[in-house]
Student: 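Can you keep this structure in mind? I'll have questions shortly.
Note that the structure is a prediction, hence the values are computed from the model and not measured.
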Amino acid sequence: MPLLKRKAFEKSTASEYLRDDDEVFHCEITDEIFKDYEEYCERIILVNSMVWTCEMTGKNNLTYAEALESEKAARRSLKDFPMELRIPILFLAARTKRSSFADMSEDVFNFVRERYFVGETVEACLEGDIWREAHVLSVTAQKQHPDSKTTLPSSSYCYEVEQFDESEPSATGQIGTAPHDRVRRRKGVYTRDKNRLFLKQFVELSSPGVISIKKAALDKYNISKVSFDQIFTGGPPEFPSSKKLMKNSLSPAASKNQTKPNSANKLNKSGKKTSPDKKGRQESMDKFVKKTEKPEVKQKPPIDPAAKKSAQELAEKMRRAEDQMRQRKEEEKAKKKEKTARLQAYLKEWQKVKDDLELEDHKIIPKGTPVEIEGIPQKHFGDFLSVLEFVSIYADVLKVKDVFHNELDLETFRKALTIEEHANLFSDLVQMFLTTIFSLQEDEAEEYNENKGIQESTEVKKEDTEIGMNTAVELATKASKWSQTYLGTPLSKLPLDATTVSEVLRLHLLSSGAAPGSRCATWRYHQRGGYSSADDAGLALRRRRPELLRRLATSHVAELHLDDKLQILQCLMHQILSYATVRDIIEEKLEELRNTKQALRLLTANERKREAQLIAARQELKKEAAAKKEEGKLTGEKAKAVDEELRLATEKLNKENEVKKHEYEKRSKELQVALFDYTSYIGSDRAFRRYWVNQRVPGLFVEAGDEPRGGCRDKPVPPAPPHPGDTLAYVAELFESERERAGSDKENDSGPNSRGGSPKKPLASVNGLHKLNGLDSNTQQLRELLVCTGDLSSCLVHGTGEHRPQWWVYHSAEQVEALVAALNRRGLREAELRQALELDRRSILHCVAKCPLHLLNPAAAPTVGAAAAPRRGARGAARSARAALPEAASLADALELSLRDHILELEEKIFHGCLGVLKVKDREAWRGTIMVRGYDKQAEYLTWGPQRQYRDDYHLPNGVLRLPPDIDETDVKIPVNKYRDPGHYLEAPRANGVRPDRGTPGLVRTLASALLQVEQALHHKYLKRPLGLDDKERKDREARNKPLDLEALERWEVSLMECQSFAQIVLHLLTLDSSITWSASILNASCRLCRRKADPDNMLLCDGCNKGHHLYCLKPKLASGPTRKKVPDGDWFCDQCKPKERTPRKRRKLFSEEDLEEALDDSSSSSCSSSTSSSSPLLSAVCGTCGSGGRLAAACDGCGARYHRECARPAPPARAARRWRCDACLHPARDSDDSEYNTALVKLKGRRSRGSKEQSPLQNGGAKRGRKPKSHANTSTGRRSKTSLTNGVDEERTSGRKRSARYEEAEGEEEDGELHAERLQQLLRDVMKHRDCWPFYEPVSTDDVPDYLDIIEQPMDFSTIKSKLDGGEYATDGELIADAALVLTNCYTYNKDTHPVAKAGWRLEKYINKRCAELKLPSLPEIQLDQAVEEGEEEEEEEAMLRHKRAASSEAEAPRAKRPKHK
């Protein structure tokens, strides 16, 4: 409870006789109720008066609320007072002898502050620099003489502590001994204020005037039973007593001494004699006594009362004068003490760090050299510098060396921003940024695997300059799909060069902020720090500066203003910094920075520890030398020898110290340099100017930014007069000035706005300024000091004008030193700036020494600037030579000429490559007009778009429809072009309802029409993706009878005719160029025979494979004379693609031992009947065709007739293993012409050639690799169904050969319908163990062979056969044998004879027949393949021969490639 006049305050009690309707007044502060209003007012006045005292702290002159708050704060502070310190503090306080509580508290605090007691919780450092919580177990002190009662200093104690690991509280702690400097209390646990507050609760004033501990507190904590050894070590300390108590203790002794003369008198009066040895003294005393007694004996004259009164008055007056003098001295002493205290408080307050603009002792900051770069204004230099720094830091991500071989320096970047040319450095820089962004997008797309669909931009949005965030994201999403929709290529894959960079940049900015997919959005949120589409820098730029994108739509990026260029670069920089890859790099750099700082701190701490150890080692050496001398009582030479050893040991120690110190300095310098590499911002000064260090452009830069800084001060702080170096005298002078200004006005001193002794507003009258009068001299002085003048028009700190923004640079060590000296140590900003400059002084001076002043300000370094000028000119000339532009041509003219060259070059390549012809009357005239910067379309109008429904004379850009006056739109249905550019919503607002002219030049429309004619001259069969169709898609459409319309090309035509700039046309042109199959051009064809590309005029292209052949390389040469060349009419095929007459393949017979026996029987029977069969062709040994003899190389497997190789029809195979039948056996005479051979010819004629684009009568384009698809399997007349192999009997073939007894036995068993399961199991085991069974062991995987099921109708394998046998699905042996034959049939059907799988099948077939004979099972039936399948086994080599002749197309649509051009 607060005290009132040092007494307890008693609250008034409410009356018990209050009624419900009584009016009362409640005092909320004291919670009292009054019935009388006057009493209530008195209490309100009382509680608000500063007459209260805090009961806990003793603070007075407080209000009641302040006293209560002070008590609460004191109680909160005592809550966390350590329990371990309470008993030691009370024990020590009980031993003090002080009459002042302040002295008592100070004695206890000084002893406890640097000593730690048993059981106390402290922080100890036992290893390295790791401080951990610990408990004090015991205290030890240095040895002391037993009789010595001197209190040891705190540094003489060591503490045994037990450390605990905070992560494992239950684990046993580490016990160790720590010196006094390795033990400390936690900050704020024990302070002087807490000590006083704690003791104040337990002290009282005892009777002799001594402050002592209350008996209740002594009993509560059992202080009487506590010994000092229990809480510390050694004996308890002896505290000094107060001087007042010492004087009081001496006063009784003095009184005793004063009574000695009286005692002597009494002795003398009693007549006692003194001893002889004291005779002289007695005599002198006697004389003195006698002399003193004489006047007493005489009669005194009477005293005059008036004189006595006068003497008394005089004595009283003198006493009062002495008292006044003494009081005056005390007052002067108190005033002097108070003045000194106020001066000390003023000095303390003056030395505090304050806001720089509140200080008065500023010095003039030396100005640096203004930055004046040619073509770069001051307001853009900050962005200019930031781009250089960004490119330098992230050079690896941007791949700068691929674009700028010597990296991007200041002069190169300046030229990039200020020189406008076609392919200048700025275009290269923008390309580098865009390439990096697209690469980062692809990297992220691989992680979240998001794909975007195609959506046409046909919706017309309401034009509005105020676009909301959701609308902007939606429009960006649609713009992101424009490139894929109208150019068939994603934005990141568009061709990027100096001519297309403007359009690609515009499309990128329009699509920035597009809404991603769900996975992409989640991934971005987690990996890119909560990034969303609304955070995209391109979206913000598009909303903030829509006119910038409008200019990009019609102008080249190099034609933009400097402000727009820097805005674009800043936007691209911010986009790059938002990607996860770059964020990872930033985090790695920050981690490296933290590690470097930690390493530097650890290195410094270890060095300090080493220095302390060095000092201790030196002292130890001295102690050891002294002890050695003392023990041996060495003198003379021996003592000198010990001193020499000490000197040598000390020198060795110093040498080691020098080596380690050198290593420390070297390592510290390396770490400081590494830290400086991460430094860019240094600090700011009093005028809020920022100081920067740029790694790419050396120098210390100063920026006066144009950011708002608020209003000026109401009253400026006048500067102080110059003062000598004595700071104390200067502060005393300021203090006196403050007192003189304050005067004797007590209200001002105690008012709420008074600053008391604060030096924040020194006396203004020192400089003769009571108010800012606007004098030029004073204002100029404030401006030179860069402080507030109080007027925005003249203030350099808060005002705006030409002085902001502005840049300076410090380029010499002298300037930096002068800057450091001028910074105010008491300023809030300048103190930090000065500390940073002093910390990195060495690195900053090294950086400043390399400052390119001749580039930053040529006027400041004319010699260097003149020498550098030729170098810049040479480099600029080289760059201009690279651009290859006329000197008088502007950038727009250069782009126009380049685009015309591109169009003419593309048309020439198409025409001379025989890929198409312009649909104009005179091609040369058309080209000539373009060359002379004109255009003649040589047509009434041009059409484009879907179904060629748009016309250039009707449909104007931006959906404008212009019809002739004689045509009514209601009568004629004219399609409306709904195409809109992705940036159409960025149009400027209409003025008076009139749309502003977008400025689409007619020249752009003209060149777009020329490119449209070139595109329409190209034959569509030579187009590939992205605008055409690939071979697979083309074949698929042909197979499904779908039209071959090129929707992507139609959309390309629509967007082409809506182009607004040359860059957009070039982008369309390059997209078209990438879609042309240039490999089909005759200009790129090489002779297949001589492998040379020379002489394209004598090159002939094959209509089958499109490969070139020189006319003179063919055999025979296609030339009838030296000047006349013979070129075949129609389609021409090379020898590999020329259709050849196919030789039908004879049916294969499976080999078996029975066949061998039958062959032996047939040979014996034929030899026996040779004499009687002379008429047989075989016996007569004559040719069955010409009837003559000779070498007969071919023998028919059907009739046995023999033929010459040249007479045999069809031609016999070259391999002996192939069975051959003559034409009579293959095509016997029938009544109908619909034979197998004719059917094959019909199919052959129905096929088409490879180069033909017409629809083929075959649905699937024919079987490949000689195999027949399923759709033709049942229509072939020469091949029986696979189900005919079920019983192992060839139903169509009737052979006269005899069967062996074993086969007849097996067949008889099969016919009986029996199933020999054990034999079949044995057969399958043996077959599946055979080395050639690996292709048939398991079913064929469609993943490995995708077209297997298109060729094979009924797959089969031995694993399936075994499963069916185990499942009891076979009723007879023949069913299993039929499935085994089906496996081999499928093998021969799908694979060629030379294929390893087919060869394995032949070997396995022989083995199966052998095992069937051994196991008495039916043999495999004879496997016969359909003739179409037999003929198709060599389809890959002869596929070109079976193509249908290409349909002759008109010369306008498809120029013939085989027509050579004669020079």
Side-chain angles (χ1 to χ4, degrees), residues 123-132 163 176 178-179 181-184 389 392-396 407 584-621 648-683 691-701 810 812-814 816-817 819-820 823 831-851:
E123 291 182 349
C125 179
L126 298 179
E127 296 179 355
D129 293 336
I130 302 177
W131 293 79
R132 293 181 179 174
Q163 280 188 341
D181 58 343
R182 309 296 282 179
V183 182
R184 68 186 182 190
E389 183 81 356
S392 176
I393 293 176
Y394 300 100
D396 295 337
E407 296 187 355
D584 294 341
I585 296 176
I586 296 174
E587 291 178 359
E588 291 175 1
K589 290 183 179 294
L590 291 177
E591 184 65 24
E592 292 176 2
L593 177 61
R594 287 191 292 267
N595 295 338
T596 306
K597 288 183 177 180
Q598 179 65 21
L600 182 60
R601 286 194 294 266
L602 185 61
L603 184 67
T604 305
N606 292 337
E607 178 65 16
R608 291 175 180 174
K609 187 187 300 183
R610 191 188 62 78
E611 292 177 353
Q613 293 174 356
L614 176 64
I615 296 174
R618 289 173 179 171
Q619 294 177 354
E620 187 67 24
L621 289 176
L648 294 176
T650 305
E651 288 181 357
K652 182 180 179 181
L653 200 63
N654 292 335
K655 289 181 180 179
E656 294 177 355
N657 175 53
E658 290 296 331
V659 173
K660 293 182 179 179
K661 188 174 183 180
H662 178 70
E663 294 178 355
Y664 161 73
E665 292 177 352
K666 181 180 179 181
R667 179 59 180 163
S668 176
K669 183 178 179 181
E670 292 176 355
L671 292 176
Q672 289 178 357
V673 171
L675 286 177
F676 185 73
D677 292 340
Y678 296 98
T679 304
S680 59
Y681 176 70
I682 304 298
Y691 290 74
W692 304 88
V693 173
N694 193 286
Q695 302 296 336
R696 187 57 184 159
V697 183
L700 180 60
F701 293 93
Y810 291 97
S812 63
E814 293 77 11
V816 177
E817 296 294 345
L819 171 65
V820 174
L823 296 177
E832 296 180 357
L833 176 61
R834 181 167 184 164
Q835 182 180 2
L837 291 174
E838 291 177 347
L839 182 63
D840 296 327
R841 181 190 299 267
R842 182 185 304 171
S843 300
I844 291 176
L845 294 180
H846 179 70
C847 177
V848 165
K850 299 184 296 183
C851 178

Student: Return the CD to CZ distance between Gln613 and Arg608, rounded to the nearest 0.5 Å.
Tutor: 14.5 Å

Student: State the CG-OH distance between Leu845 and Tyr810, to the nearest 0.5 angstrom.
Tutor: 13.5 Å

Student: I want to check something: taking the side chain as every heavy atom from C-beta on, are Phe701 and Tyr691 in contact at a cut-off of under 4.5 Å?
Tutor: no

Student: With Glu389, which residues qualify under salt bridge (charged side-chain N to carboxylate O under 4.0 Å, His left out), at least two apart?
Tutor: none

Student: If you round to the nearest 0.5 Å, how far is CG of Leu600 from CG of Asn595?
Tutor: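 The CG atom of Asn595 sits 12.5 Å away from the CG atom of Leu600.
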
Student: Once you round to the nearest 0.5 Å, how far does CD of Glu817 lie from CG of Leu837?
Tutor: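 Nearest 0.5 Å value for the CD-CG distance: 9.5 Å.
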
Student: Contact between Arg182 and Leu126 at the side-chain level, heavy atoms closer than 4.5 Å - yes or no?
Tutor: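 With C-beta onward as the side chain, the pair stays apart.
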
Student: For residues Leu603 and Ser668, report the shortest heavy-atom separation together with the two atoms involved.
Tutor: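 Closest approach of Leu603 to Ser668, heavy atoms only: CD2-N, 3.6 Å.
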
Student: Under 3.5 Å, is there a donor-acceptor pair between the side chain of Glu832 and the main chain of Gly683?
Tutor: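 Checking the backbone N and O of Gly683 against the side chain of Glu832, no donor-acceptor pair under 3.5 Å is found.
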
Student: What's the spacing between Arg601 CZ and Thr604 OG1 if we round to 0.5 Å?
Tutor: 9.5 Å

Student: After noting the C-alpha distance and the side-chain angles of Ile585 and Asp396, does the key distance pass the side-chain contact (heavy atoms from CB on, under 4.5 Å) rule?
Tutor: CA-CA 11 Å; Ile585 296 176; Asp396 295 337; over 6 Å; no

Student: Hey, is CD on Glu127 packed in by over 12 heavy atoms from elsewhere, all under 6.0 Å?
Tutor: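 Counting other residues, nucleotides and ligands, CD of Glu127 stays at 12 neighbours or fewer.
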
Student: Can you tell whether the side chains of Lys660 and Glu663 come within less than 4.0 Å, N to carboxylate O?
Tutor: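 Answer for the salt bridge query: no.
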
Student: Salt bridge (charged side-chain N to carboxylate O under 4.0 Å, His left out) with Glu838: which residues, sequence neighbours excluded?
Tutor: Arg834

Student: Is the shortest heavy-atom distance from the side chain of Leu819 to the side chain of Leu700 under 4.5 Å?
Tutor: yes

Student: Could you pull out all residues at least two apart from Glu658 that satisfy salt bridge (charged side-chain N to carboxylate O under 4.0 Å, His left out)?
Tutor: none

Student: Quick one: list whatever passes side-chain hydrogen bond (donor to acceptor under 3.5 Å, both in side chains) with Asn606, sequence neighbours left out.
Tutor: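 Residues passing side-chain hydrogen bond (donor to acceptor under 3.5 Å, both in side chains) with Asn606: none at all.
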
Student: Closest approach of Cys847 and Pro698, non-hydrogen atoms and distance?
Tutor: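 Distance-wise, the nearest heavy atoms are O-CB, 3.2 Å.
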
Student: Can you name the salt bridge (charged side-chain N to carboxylate O under 4.0 Å, His left out) partners of Arg610, sequence neighbours left out?
Tutor: Glu607

Student: With side-chain contact (heavy atoms from CB on, under 4.5 Å) as the criterion, how do Val693 and Asp840 come out once you've worked through the C-alpha distance, each side chain's angles and the decisive distance to 0.1 Å?
Tutor: CA-CA 11 Å; Val693 173; Asp840 296 327; over 6 Å; no

Student: Can you confirm whether more than 12 heavy atoms, excluding those of Glu656, are under 6.0 Å from its CD atom?
Tutor: yes

Student: Kindly indicate whether the side chain of Val848, heavy atoms from C-beta on, has any atom under 4.5 Å from the side chain of Ile844.
Tutor: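 Answer yes - side chains close enough.
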
Student: For Thr679 and Gln695, work out which heavy atoms get closest and say how close.
Tutor: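 Heavy-atom minimum between the residues: O-NE2, 3.4 Å.
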
Student: Roughly how far, to the nearest 0.5 Å, is CD of Gln619 from CG of Leu614?
Tutor: 10.0 Å

Student: State, with a plain yes or no, whether a side-chain heavy atom of Ile393 is found less than 4.5 Å away from one of Lys589.
Tutor: yes

Student: Leu653 and Ala617: which non-hydrogen atoms are nearest, and at how many Å?
Tutor: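 Heavy atoms only, the tightest pair is CD2-CB, 3.7 Å.
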
Student: Quick check: closest heavy atoms across Gln672 and Ser843, and the distance to 0.1 Å?
Tutor: O-OG, 4.4 Å

Student: Within a radius of less than 6.0 Å around CZ of Arg841, do more than 12 heavy atoms belonging to other residues, nucleotides or ligands occur?
Tutor: yes

Student: With a 4.5 Å heavy-atom cut-off, do Arg842 and Phe676 have their side chains touching?
Tutor: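 With C-beta onward as the side chain, the pair stays apart.
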
Student: Could you list all the salt bridge (Lys or Arg N to Asp or Glu O under 4.0 Å) pairs where at least one residue sits in residues 669-679, not counting sequence neighbours?
Tutor: Arg667-Glu670

